[in-house]
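Here's the structure we're looking at; comments come further down.
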Amino acid sequence: MKENVDQSINSWYKWISNEQMWMTLGGRTLKIIAIILISALVIRIGKAAIQNVFKVRAKSPLRFTERREATLLKLLENVLVYVIYFVSFIMILSTLTINVTGLLAGAGIVGLAIGFGAQNLVRDIITGFFIIFEDQFSVGDYVRIGGSEGFVEEIGLRTTKIKSWTGELHIFPNGNISEVTNYSMHNSIAVVDVSIAYEENIDEAEEVIQELLAKLPHKYEELVQPPELLGVQNLAASEVVMRIVAETIPVRHWYIARMIRKEVKMALDARGIEIPFPRMVLYSRQEESEIKHSLEKKKLEGE
């Protein structure tokens, strides 16, 4: 028993005191640390180079839109990070004397098998590629996908993320995106209906509104051109409705519509033009009968 213990102690002592083993272990550790540090440095330099390339393209006459540049910039940075991580992982395995060739061959076979079962993943990646290639929408665009609206936060090869104005983040697999409404591709149109009381002078109200609309482009830079008063849109039960349309830069039509309503209200109030409000007229049957009796009496007296 004692001999077995002595042999174990001797073997452990020889293993611990093996200078060659410690030199090999230390060398591999230093090599792995160097691989990690170099990978982080390459990622940092690569991201800086990609950003500089896009800055140079911004000064050239042939360039992408800002929306597409932001999308491609983020996509290229992600691809760079994934490639560097993969290469670093393979180099670390090689440093640890793991058969990388056999591992890659096995991974290829496993990946092929997974590919047959991961058809949705493949569809997501292909759809994501065409979304970016065709510039259907880009980072920063305001879009509606299904029943959700918001600004595009990120477009990946597999998923798309949009953030609504109330703060919710919606994540859509690209393969499930069958219909998209993009509000940021072209200028928007603000539509404002203004109600005027029947007792007011419609011509005077139109003149006041026309004078106001001509001044608004100098006050609101979101307007592409002066708003236009189309005229009387509807004759309602207790009001005359006039319609105003204004062309704005993309996605600013809601803000401009609110400002136009405010400006029109202030201008009409300044000129004493009344905006209609609900009214109620009360009468009693007794008063009605007295009025009828009075009218009949006057008619008889006239005869």
Side-chain angles (χ1 to χ4, degrees), residues 54-55 57-74 131-132 134-155 160-170 179-196 202 204-234 239-271 273 275:
F54 277 90
K55 288 180 181 179
R57 283 191 59 85
K59 300 177 182 179
S60 64
L62 298 176
R63 53 169 297 187
F64 298 125
T65 62
E66 294 182 1
R67 301 164 32 261
R68 195 170 191 185
E69 284 182 357
T71 303
L72 292 175
L73 175 62
K74 195 157 190 176
I131 287 174
I132 297 171
E134 296 175 355
D135 195 23
Q136 297 177 11
F137 54 87
S138 301
V139 173
D141 286 0
Y142 190 88
V143 300
R144 181 172 70 238
I145 301 176
S148 303
E149 291 187 10
F151 290 96
V152 179
E153 289 282 309
E154 181 180 339
I155 302 175
T160 293
K161 300 177 183 178
I162 66 171
K163 184 178 181 181
S164 66
W165 66 276
T166 51
E168 297 90 349
L169 183 66
H170 304 278
E179 182 177 346
V180 180
T181 302
N182 193 334
Y183 295 93
S184 300
M185 296 292 287
H186 304 287
N187 291 335
S188 302
I189 300 294
V191 180
V192 179
D193 287 336
V194 179
S195 299
I196 304 296
I202 301 301
E204 182 182 359
E206 287 184 342
E207 181 181 350
V208 172
I209 294 175
Q210 292 282 18
E211 292 177 358
L212 170 67
L213 297 181
K215 301 175 183 177
L216 292 183
H218 303 288
K219 191 172 182 179
Y220 300 102
E221 61 183 10
E222 291 85 357
L223 285 167
V224 176
Q225 58 186 10
E228 181 182 359
L229 176 63
L230 298 182
V232 177
Q233 177 70 17
N234 188 24
E239 59 191 5
V240 177
V241 181
M242 294 187 290
R243 174 158 292 184
I244 300 171
V245 295
E247 185 178 358
T248 72
I249 60 177
V251 198
R252 297 298 289 170
H253 54 292
W254 294 301
Y255 166 73
I256 290 298
R258 291 192 292 268
M259 293 300 102
I260 289 177
R261 292 188 188 99
K262 176 183 176 182
E263 296 285 351
V264 169
K265 175 66 168 60
M266 295 172 61
L268 294 178
D269 288 347
R271 294 288 291 268
I273 299 175
I275 292 178

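For the single chain, residues carry numbers from 1 onward in sequence order.
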Exercise for the section: Please name the pair of heavy atoms, one in Thr248 and one in His253, separated by the smallest distance, quoted to 0.1 Å. Expected result: OG1-N, 3.4 Å
Handout entry: Set of salt bridge (charged side-chain N to carboxylate O under 4.0 Å, His left out) partners for Glu239, sequence neighbours left out
Key = none
Handout entry: Donor-acceptor under 3.5 Å (Asp141 side chain, Met185 main chain)
Key = no
Problem - Gap between atom CG of Leu212 and atom CG of Leu268 - 0.5 Å precision - result: 8.5 Å
Practice task
Could you list the residues that satisfy salt bridge (charged side-chain N to carboxylate O under 4.0 Å, His left out) with Arg258, not counting sequence neighbours?
Solution key: none
Practice task
Answer whether the closest heavy-atom distance between the side chains of Val143 and Thr160 falls below 4.5 Å.
Solution key: no
Practice task
Under the side-chain hydrogen bond (donor to acceptor under 3.5 Å, both in side chains) rule, collect the residues that match up with Glu168, sequence neighbours excluded.
Solution key: Ser164, Thr166
Practice task
Kindly compute the distance separating NZ (Lys265) from CZ (Arg261), expressed to the nearest 0.5 Å.
Solution key: 14.0 Å
Problem - Separation of Leu169 CG from Phe151 CZ (nearest 0.5 Å) - result: 14.0 Å
Practice task
Check salt bridge (charged side-chain N to carboxylate O under 4.0 Å, His left out) between Glu207 and all other residues, then give those that pass, not counting sequence neighbours.
Solution key: none
Exercise for the section: Taking the side chain as every heavy atom from C-beta outward, state whether Gln136 and Asn182 have any pair of such atoms under 4.5 Å apart. Expected result: no
Problem - Intermediate values then yes/no, side chain to side chain contact (heavy atoms under 4.5 Å, CB included), Ile145 and His170 - result: CA-CA 10 Å; Ile145 301 176; His170 304 278; over 6 Å; no
Exercise for the section: Considering non-hydrogen atoms only, spot the tightest contact between Ile273 and Ala205 and give its length. Expected result: CD1-CA, 3.7 Å
Handout entry: Candidate pair Val192 and Val264, rule side chain to side chain contact (heavy atoms under 4.5 Å, CB included), full reasoning
Key = CA-CA 10 Å; Val192 179; Val264 169; 5.9 Å; no
Fill in the blank from the handout: In short, Ile155 meets Val139 closest at the heavy-atom pair CD1-N, 4.1 Å
In residues 215-231, what donor-acceptor pairs under 3.5 Å come from side-chain atoms, sequence neighbours left out?
residue : atom : partner : partner atom : Å
Lys219  : NZ   : Glu263  : OE2          : 2.7
Tyr220  : OH   : Glu263  : OE2          : 2.8
Gln225  : NE2  : Glu247  : OE1          : 3.3

Practice task
Tell me, please, which residues at least two apart from Glu154 pass salt bridge (charged side-chain N to carboxylate O under 4.0 Å, His left out).
Solution key: Lys161
Exercise for the section: Quick one: pull up CZ in Arg252 and CG in Asn187 and give me the separation to the nearest 0.5 Å. Expected result: 13.0 Å
Practice task
Might you point out which heavy atoms bring Tyr142 and Ser184 nearest each other, and give the distance in Å?
Solution key: N-OG, 2.8 Å
Practice task
Mind listing the closest non-hydrogen atom pair of His186 and Pro250 along with its distance?
Solution key: O-CG, 3.4 Å
Practice task
Hey, could you give me the CD1/CD1 distance between Ile244 and Ile209, rounded to the nearest 0.5 Å?
Solution key: 5.0 Å
Handout entry: Exam field: side chain Ser188 to backbone Val251, donor-acceptor pair closer than 3.5 Å
Key = yes
